[in-house]
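Beneath this line is the structure, given in structure tokens, with notes to follow.
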Amino acid sequence: MNHPPTILLINPWIYDFAAHDFFARPLGLLYLAARLLAQGYALRFIDCLERPVDRNIAKNLPSGEHSVTGRYHKEPLPTPRPLRGLPRRYGRYGISEAAFRDKLRGTPWPAAVLVTSLMTYWYPGVQAVIRRLREHFPGVPVVLGGIYATLCPEHARRYSGADLVQTGPGEPQILPLLAELTGWDRPVPPVLEDLDALPYPALHLLAERGLIPLLTSRGCPLNCAYCASKLLQPKFQQRRPAAVVEELTYWQARLGSKEVAFYDDALLINAESHLLAILEGVLSRGLDLRFHTPNGLHLKLISPLVAKWLKKANFSTLRLGLETTALGPKRLDSKVQAGDLEQALAALQEAGFGADEIGVYLLIGLPHQEDTAIVDAIRQVRSLGATPVLAQYSPIPHTALWSEALRVSRYDLESEPLFHNNSIFPCWPEFSWPRYSRLKTLAAGGRV
Ligand code: B12
């Protein structure tokens with residue numbers, strides 16, 4: 001074959017009650033895109049979560065503000081049957097149906113389509129995209145991968161409509177798989193263990209160029225009962241700091257991006273030889289960047305030295321992970337002990353961060369969690385001078401907490417991933433909307 005085959009990549013819509021672009025980019029799919037480009041494939045990319053970039057708005061933002069987060073366009077949809085009756089409005093987030101069809105019409109006939117997936121309970125968006133692909137490109141093989149595919153492969157094989165459902169990291173499998181599907185039989189480069197040997201994710205395919213979503217490591221050495229990190233990336237691996245600085249230098253020069261969001265699950269492990277070395281490199285290169293950690297940091301690892309560097313290097317959105325402040329044998333994560341919250345917040349304040357810059361994630365809706373534990377946690381975080389951010393628990397298959405989640409849930413979590421939706425508090429037996437609003441008001445600083 002002489003002409004390189006065209007591969008179409010799709011980041012599907014979100015179907016949910018709520019969704020907000022909080023530094024979200026389809027980084028996994030863009031890593032695969034880079035591998036395909038290096039192999040000579042022609043690529044097309046449809047990002048259903050692209051937000052209209054309003055140049056005028058962007059131009060008028062006060063200096064220092066950014067537009068790399070924001071609202072998705074939402075179109076109301078009927079609530080799927082299993083979730084009917086909830087006082088929330090369901091919908092499709094992302095580009096319109098018409099825009100999606102236009103993009104399909106503008107795509108040359110592909111040799112294969114790769115679809116990614118994120119939250120397990122967003123699978124209706126995956127199905128919707130695949131249904132339209134089938135109509136438009138009948139007979140073209142559709143491959144599904146990503147987080148929903150990895151955590152619920154049987155469900156995905158039965159219901160997604162994809163021809164192939166692949167689990168786990170895509171880098172080792174994607175080239176042999178596509179060679180088989182397309183007949184593009186260039187020699188497949190060996191899969192190296194070294195993360196720095198991977199080509200940079202193809203961020204230039206994104207419409208919005210202000211943000212660099214960044215992974216300096218994969219996996220996590222800890223083992224929290226509610227988290228799927230180990231299932232998705234079994235091995236914890238860190239990149240070389242110099243290679244990360246190279247990548248940031250490259251993207252700033254090529255795209256002019258200024259904002260960086262870390263996607264790492266364990267950014268602060270070996271902080272001195274890893275993150276601090278990266279930040280030192282960034283400063284000595286004179287890069288003009290601002291950093292965000294939407295995925296929570298381990299607060300135990302925020303020492304005065306780390307805090308000082310976070311300030312010096314221009315960290316702006318800080319989120320720390322603290323399940324709750326209730327300690328003791330019933331605790332679900334292995335990472336927080338008495339005094340950790342106090343010392344982390346003291347270090348950050350000493351370094352110059354204000355209360356509104358430090359968000360502390362509190363997991364709510366955990367099995368057996370009592371309202372009083374949440375109220376205490378909210379009050380403690382506030383009294384220590386930080387901002388509580390409620391993170392609703394989503395039960396995840398194969399995690400240590402899953403069997404308990406199944407036991408306490410009023411929903412059939414096992415057969416229907418829609419019930420993993422954090423917005424419905426599937427594992428909070430005492431849940432009621434007034435109760436939740438009360439906690440939200442309290443977290444926002446109101447009185448209840
Ligand atoms: C970064 C991140 C976020 C970001 C946004 C990311 C985004 N792109 O939108 C933020 C911080 C906003 C976020 C928010 C939340 N998140 Co989150 N997040 C992650 C995290 C840490 C990394 C995802 C990622 O980008 N990984 C890096 C890339 C390289 O990996 P990847 O996407 O998996 O892609 C690889 C493979 O899957 C595969 N692949 C991907 N696509 C394809 C396609 C094909 C065809 C093939 C073959 C292979 C393939 O190859 C890729 C390269 O190896 C994961 C945990 C994790 N370790 O994965 C949780 C995770 C996905 N989040 C989770 C949760 C619970 C949430 C929240 C609900 C938390 C909360 N309670 O508020 C919110 C919900 C967000 C919302 N409603 O909008 C859960 C998933 C729950 C579920 N039921 O599915 C996870 C698994 C964490 C956990 N607790 O275990 N999250």
Side-chain angles (χ1 to χ4, degrees), residues 7-12 14 16-36 49 69 72 93 112-123 126 141-152 162-175 177-178 195 198 201 213-215 217-220 224-234 236 261-267 292-296 317 319 321 333 361-365 389-399 401-402 405 413 417-423 425-426:
I7 308 295
L8 172 60
L9 306 170
I10 302 199
N11 182 32
I14 294 172
D16 203 338
F17 298 107
H20 188 79
D21 177 0
F22 190 56
F23 304 102
R25 301 292 182 272
L27 186 55
L29 193 62
L30 297 174
Y31 262 108
L32 301 187
R35 237 175 133 68
L36 304 191
L49 297 182
T69 58
Y72 293 118
Y93 292 86
V113 187
L114 305 183
V115 180
T116 190
S117 61
L118 201 63
M119 303 296 148
T120 53
Y121 46 86
W122 288 347
Y123 76 82
V126 171
V142 176
V143 186
L144 174 67
I147 290 171
Y148 156 63
T150 301
L151 295 176
C152 302
D163 296 292
L164 283 171
V165 172
Q166 301 295 115
T167 61
E171 287 85 355
Q173 21 175 339
I174 199 64
L175 293 181
L177 179 69
L178 284 180
L195 289 179
L198 296 174
L214 180 67
L215 273 175
S217 63
R218 301 250 177 134
C220 178
C224 299
Y226 45 77
C227 180
S229 182
K230 275 248 158 47
L231 305 161
L232 297 165
Q233 303 274 351
F236 176 60
F262 289 100
Y263 277 17
D264 300 61
D265 280 326
L267 183 63
H292 311 273
T293 63
N295 195 21
T317 315
R319 290 280 194 273
D333 64 11
Y361 282 134
L362 298 174
L363 258 183
I364 76 169
V389 180
L390 301 185
Q392 296 133 278
Y393 168 61
S394 161
I396 310 180
H398 318 294
T399 54
L401 198 53
W402 178 244
L413 300 178
L418 286 173
F419 295 138
H420 308 170
N421 193 317
N422 61 345
S423 306
F425 296 100

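As the structure lists them, so they are numbered: ligands from 1, and atoms in each ligand from 1.
- Scanning the protein for heavy atoms near atom 72 (O) of ligand 1, the closest one is Asn422 ND2, 4.0 Å.
- Using a 4.0 Å threshold on non-hydrogen atoms, atom 46 (C) of ligand 1 counts as touching the protein.
- Every atom of ligand 1 with a heavy atom of Gln166 under 4.0 Å away is listed here by number and element: 47 (C).
- Of the protein's heavy atoms, none falls inside 4.0 Å of atom 26 (N) of ligand 1.
- Residue contacts with ligand 1 leave out Ala19, since none of its heavy atoms falls under 4.0 Å from the ligand.
- Using a 4.0 Å cut-off to heavy atoms of Asp265, the atoms of ligand 1 that qualify are 21 (C), 55 (C), 56 (C), 57 (N).
- The protein does not reach atom 69 (C) of ligand 1 closely, with no heavy atom under 4.0 angstrom from it.
- Atoms of ligand 1 lying under 4.0 Å from any heavy atom of Thr116, numbered from 1 in the order shown and given with element: 40 (C), 41 (N), 42 (C), 43 (C).
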Asn295 and Asp264: CA distance, side-chain angles, deciding distance, side chain to side chain donor-acceptor pair (under 3.5 Å) verdict
CA-CA 7 Å; Asn295 195 21; Asp264 300 61; over 6 Å; no
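- The shortest N/O to N/O separation between Gly170 and ligand 1 falls below 3.5 Å.
- Each of the atoms 36 (C), 38 (C) of ligand 1 lies under 4.0 Å from some heavy atom of Gly168.
- Taking each of Ile396, Val143, Thr120 in turn, the one with a heavy atom nearest to atom 89 (N) of ligand 1 proves to be Ile396.
- At a distance under 4.0 Å, a protein heavy atom can be found next to atom 83 (N) of ligand 1.
- Residue-ligand proximity, Ala24 to ligand 1, at heavy-atom distances under 4.0 Å covers atoms 7 (C), 9 (O).
- Close approach to Phe22 involves these atoms of ligand 1, each under 4.0 Å from a residue heavy atom: 12 (C).
- Between Met119, Gln233, His420, it is Met119 that holds the heavy atom closest to atom 62 (N) of ligand 1.
- Within ligand 1, counting atoms from 1 as listed, the ones closer than 4.0 Å to a heavy atom of Gln392 are 71 (N).
- Protein heavy atoms are absent from the space less than 4.0 angstrom from atom 3 (C) of ligand 1.
- Near Trp122, meaning under 4.0 Å from one of its heavy atoms, ligand 1 places the atoms 76 (C), 77 (N), 78 (O).
- In this structure, atom 19 (C) of ligand 1 has its sub-4.0 angstrom surroundings free of protein heavy atoms.
- Heavy atoms of Val115 approach ligand 1 to within less than 4.0 angstrom.
- For atom 23 (C) of ligand 1, the nearest non-hydrogen atom from the set Leu164, Ile147, Leu27, Ile174 comes from Ile147.
- In this structure, atom 52 (C) of ligand 1 is in close contact with the protein, since a protein heavy atom lies within 4.0 Å of it.
- Counting heavy atoms closer than 4.0 Å to ligand 1, residue Arg25 contributes backbone atoms (N, CA, C, O) but none from C-beta onward.
- Looking only at protein heavy atoms, the nearest one to atom 22 (C) of ligand 1 is Tyr263 O, 4.3 Å.
- Within the 4.0 angstrom cut-off, atom 59 (C) of ligand 1 has no protein heavy-atom neighbours.
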